[in-house]
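Numbering of ligands and ligand atoms starts at 1, following listing order. The figures that follow rest on heavy atoms only: side chains count, while hydrogens, waters and symmetry mates do not.
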Amino acid sequence: MKQFQFYCLLLLLHACSGIEKESLVIGIQPYGQIDDRQVQAVADHIRMAFSAEVVVMEPRDLPIRAFIQVKSPRYRADLLLCDLKRIKPDSIEFLLGLTSSDMSTTKRNSDGTIKEPASKYADWGVFGLGYRPGPTCVVSTFRLKSDPAKFKDRLFKVCTHELGHNLGLKHCDSEGCVMQDAAETIKTIDRVDWEFCLTCKRQASLR
Ligand SMILES: [Zn+2]
Ligand SMILES: [Zn+2]
């Protein structure tokens, strides 16, 4: 009988440990000359917004192969995602790159063709980009600086949005949800909240 009780106790302990969720670990990779205070502010925001453990990596130079000069000097966000994927330690679930340099990517239609006019969308400036779902995302402060009073608010929202894509979230039409499509204007970012709507929160199984 004693043996049975002991076995039950072991099962109970095992079941309890199964309920406990390990905390989500999100890394931040500062690229180039980005201000350390901005990096720390983003780290604090992510720690709170995702109830995550946040690891700030050593700053890293922007990879020269990602540099492009079509309309203006920029870095290809898609190539930065690959760079981040290559260096991401296994102990980190999602790695967010932060840069003060301008970034671009190619804007495509759902069938993979470049959105028209191609001269506009082949090298299209972006605030951020992230895999959906996937291990890495990247955010640039370059296009968020136009209004210093709104800068941090915008930065936090874009970081949350891109990490939301990493968690598998698509763009969301719910009023005020941080996963709304920016629709090519900073005004959308200024309009949305810092948070995911309840549906997005549930879909991302946020801990
Ligand atoms: Zn998006
Ligand atoms: Zn939503």
Side-chain angles (χ1 to χ4, degrees), residues 24 26-29 31 38 42 45-46 48-52 66 68 74-85 88 93-116 120-147 150-207:
L24 178 67
I26 297 176
I28 298 179
Q29 175 60 66
Y31 272 124
Q38 291 170 10
V42 169
H45 175 73
I46 290 173
M48 182 195 70
F50 292 85
S51 304
I68 190 166
R74 294 165 168 178
Y75 286 83
R76 289 288 298 189
D78 36 309
L79 293 180
L80 295 181
L81 291 187
C82 296
D83 184 57
L84 290 162
K85 200 173 172 183
K88 186 186 82 64
E93 281 172 86
F94 304 110
L95 183 58
L96 160 72
L98 278 180
T99 176
S100 55
S101 298
D102 197 15
M103 296 191 310
S104 63
T105 191
T106 302
K107 203 160 183 180
R108 297 180 185 277
N109 299 308
S110 50
D111 64 359
T113 55
I114 299 176
K115 192 174 171 182
E116 289 294 339
K120 182 176 176 185
Y121 291 112
D123 191 58
W124 174 249
V126 288
F127 308 122
L129 193 71
Y131 286 112
R132 180 176 60 84
T136 63
C137 57
V138 65
V139 171
S140 162
T141 58
F142 189 87
R143 289 167 184 266
L144 307 174
K145 290 175 187 158
S146 56
D147 185 342
K150 292 179 179 165
F151 173 73
K152 268 194 185 162
D153 185 69
R154 291 170 172 176
L155 179 59
F156 294 164
K157 287 173 182 175
V158 178
C159 290
T160 305
H161 179 103
E162 298 308 336
L163 283 166
H165 282 318
N166 282 178
L167 284 160
L169 296 177
K170 294 181 183 174
H171 286 149
C172 171
D173 292 333
S174 297
E175 189 68 32
C177 179
V178 75
M179 290 313 294
Q180 268 191 26
D181 186 352
E184 304 185 4
T185 167
I186 193 93
K187 286 179 191 158
T188 311
I189 296 169
D190 290 337
R191 215 171 40 233
V192 298
D193 298 328
W194 279 13
E195 290 192 50
F196 300 110
C197 70
L198 279 178
T199 310
C200 286
K201 233 179 217 176
R202 218 172 291 134
Q203 268 175 27
S205 315
L206 280 171
R207 291 171 255 193

A.B. asks: Need the atom name: nearest N/O/S atom of H171 to the Zn ion (ligand 1).
C.D. replies: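 The nearest such atom is NE2.
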A.B. asks: So H161 and H165, would you call those rings parallel, tilted or perpendicular, with 30° and 60° as cut-offs?
C.D. replies: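 If you compare the ring of H161 with that of H165, the planes turn out perpendicular.
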A.B. asks: Under 3.5 Å, is there a donor-acceptor pair linking the side chains of S146 and R154?
C.D. replies: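 Side-chain D/A pair, S146 to R154: present.
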A.B. asks: Going by an N to O cut-off under 4.0 Å, is there a salt bridge joining R76 and D123?
C.D. replies: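 Salt bridge flag = yes for D123 with R76.
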A.B. asks: Check all N, O or S atoms of H165 and name the one closest to the Zn ion (ligand 1).
C.D. replies: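 Distance check against the Zn ion (ligand 1) picks out NE2 in H165.
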A.B. asks: Mind reading off the angle at the Zn ion (ligand 2) between the SG atom of C200 and the SG atom of C177, rounded to 10°?
C.D. replies: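 The two atoms form an angle at the metal of about 110°.
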A.B. asks: Just verifying a value: how many Å separate Q29 CD and K88 NZ, rounded to the nearest 0.5 Å?
C.D. replies: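 Here the interatomic distance stands at 12.5 Å.
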